[in-house]
Amino acid sequence: MRDVVIIGSGPAGLSAAVYAKRAALDVVVIEKEPFSGGQIVNTKEVDNYLGMKGISGFDLATKYKEHATELGACFLEGNVSKIDALKDKIKVELSNGEVIETKNVIIATGAIHKKIGAENEEKLTGSGVSYCATCDGAFFKGKDVAVIGGGDVALEDALYLSNICSKVYLINRREALRAAKSVQEAVFARDNITFLPNYTVERIEGKFKVEKAYLKHTINGEGKEIDINGIFIAIGMEPVTDFLKGVVSIDDNGYIIASEDCRTDVKGIYVAGDVRTKRLRQLVTAVADGANAVYSLEEDDKLYMVQVTEE
Ligand code: NAP
């Protein structure tokens with residue numbers, strides 16, 4: 001029986017591993033990929049993490065893993081297919097049939113940015129194609145960029161980028177925007193934001209970095225070409241919770257419901273990072289969640305021990 005199984009080895013999971021080892025807990029981290037780091041692995045330069053300005057996401061992820069490993073965290077490559085929360089233990093089942101029994105689980109599986117499916121989107125990710133305006137916006141100071149989407153995130157990204165960039169195209173596949181009216185009004189009040197409704201991005205072009213995007217009108221099919229240096233895709237995220245249906249409470253967008261203490265509504269199950277309901281999904285908040293999840297787990301364990309002793 002393990003003390004804690006951490007599912008996911010991004011910044012939240014690895015931070016939880018470090019805090020759990022420092023609390024002398026027996027820890028296993030289950031990771032889907034043969035490398036750790038989650039979303040940051042694909043980030044060329046991390047510019048907004050305190051004290052680490054300019055570090056590559058891959059280097060930072062490597063440091064995180066080294067830290068957790070040096071403290072004695074154990075890593076297992078596998079895909080979790082099911083969790084069974086029983087009265088006295090939790091069973092974590094992997095897709096190869098292996099079952100790990102544990103007292104606690106910390107879910108740190110993150111969320112995946114939805115892709116628009118444009119030609120060269122994947123190839124130019126990190127070279128002008130970005131899924132995070134707060135992380136990468138500063139690299140586009142004085143340049144022309146496009147934001148894709150019509151929800152709150154897209155419009156807030158457009159506002160944020162309009163303070164940094166020379167020109168921002170806001171491209172939406174429909175005329176109507178989903179974002180709150182107040183945010184729409186703020187967007188339409190900006191001189192350097194151009195709204196392009198009823199367009200999808202078919203192709204992104206650029207030899208080494210993004211230079212152009214080819215758009216298609218969704219009603220009349222006409223093509224349009226725009227010169228841009230960056231393209232920010234904000235069409236939503238998909239939290240990775242498929243193996244959890246019916247185990248813990250999940251909101252309408254698929255995120256596990258928990259506040260800053262990272263406790264779910266099931267005893268012994270905690271959640272850290274982008275997969276939790278929260279306001280700001282960033283490296284720094286993911287790392288903080290890892291610490292908070294372990295702190296809550298320790299508090300609950302102590303409380304449980306006191307109750308058992310008193311009985
Ligand atoms: P969202 O509200 O679901 O909006 C997604 C946008 O992307 C929609 O405009 C959608 O178009 C578009 N889209 C989806 N798939 C697309 C595709 N394949 N190609 C092109 N466009 C596509 O997502 P979100 O903006 O990420 O927000 C997520 C949730 O967080 C929402 O509930 C939002 O209200 C909330 N949020 C709230 C705040 C706030 O209160 N301040 C801030 C941020 C986020 P369609 O409209 O045509 O489907």
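Bear in mind the structure is a predicted one, so any value in this text is a computation, not a measurement. The chain is numbered in sequence order, starting from 1. Atoms within each ligand, like the ligands themselves, are counted from 1 in listed order.
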Below the 3.5 angstrom mark, is there an N/O of [X], backbone or side chain, next to an N/O of ligand 1?
X: V153; result: yes
X: G149; result: no
X: K115; result: no

Closest non-hydrogen protein atom to [atom], residue and atom name please, with distance?
atom: atom 29 (C) of ligand 1; result: N253 ND2, 4.2 Å
atom: atom 3 (O) of ligand 1; result: R178 CD, 4.3 Å
atom: atom 33 (C) of ligand 1; result: D152 OD2, 3.4 Å
atom: atom 14 (C) of ligand 1; result: R173 NH2, 3.5 Å
atom: atom 9 (O) of ligand 1; result: G150 N, 2.9 Å
atom: atom 4 (O) of ligand 1; result: G151 CA, 3.6 Å
atom: atom 39 (C) of ligand 1; result: E156 OE2, 4.0 Å

If I take atom [atom1] from residue [X] and atom [atom2] from residue [Y], how far apart are they, to the nearest 0.5 angstrom?
X: E222; Y: K216; atom1: CD; atom2: NZ; result: 11.5 Å
X: I231; Y: E121; atom1: CD1; atom2: CD; result: 8.0 Å
X: I7; Y: I107; atom1: CD1; atom2: CD1; result: 5.5 Å

Handout entry: Atom indices of ligand 1, in the order listed, that fall short of 4.0 Å to a heavy atom of G236
Key =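 Once the distances to G236 are compared, the set is 26 (O).
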Practice task
Report yes or no: does R178 contribute a side-chain atom to a donor-acceptor pair with the main-chain N or O of D152 at less than 3.5 Å?
Solution key: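 No, R178 side chain to D152 backbone: no donor-acceptor pair under 3.5 Å.
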Practice task
Measure from the side-chain N and O atoms of D3 to the backbone N and O of D26, and report whether any donor-acceptor pair falls under 3.5 Å.
Solution key: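 Side chain of D3 to backbone of D26, a donor-acceptor pair under 3.5 Å: yes, one is there.
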Exercise for the section: With heavy atoms under 4.0 Å as the rule, classify the contact between N172 and ligand 1 as side chain, backbone, both or neither. Expected result: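 The answer is the side chain of N172.
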Practice task
Indicate whether the side chain of D265 and that of S249 have a donor and an acceptor atom separated by less than 3.5 Å.
Solution key: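 Indeed, the side chains of D265 and S249 share at least one donor-acceptor pair under 3.5 Å.
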Handout entry: Per atom 13 (N) of ligand 1, closest listed option by heavy atom (I116, I235, L280, D157)
Key =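 Going through I116, I235, L280, D157 one by one, I235 has the nearest heavy atom to atom 13 (N) of ligand 1.
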Practice task
Output yes when a protein non-hydrogen atom is found under 4.0 Å of atom 31 (C) of ligand 1, and no otherwise.
Solution key: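 When distances to the protein are checked, atom 31 (C) of ligand 1 has no heavy atom within 4.0 Å.
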Practice task
Report the residue from F140, Y169, Y131 that forms a ring pair (Phe, Tyr, Trp, His ring centres under 6.0 Å) with F232.
Solution key: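 It is F140; the other options fail the test.
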Practice task
Show your reasoning for whether ring pair (Phe, Tyr, Trp, His ring centres under 6.0 Å) applies to Y19 and Y295.
Solution key: CA-CA 8 Å; Y19 272 78; Y295 187 70; 9.3 Å; no
Exercise for the section: In sequence, state the C-alpha distance, the side-chain angles, and the governing distance for I100 and I30, and then conclude on side-chain contact (heavy atoms from CB on, under 4.5 Å). Expected result: CA-CA 10 Å; I100 304 167; I30 302 176; 3.9 Å; yes
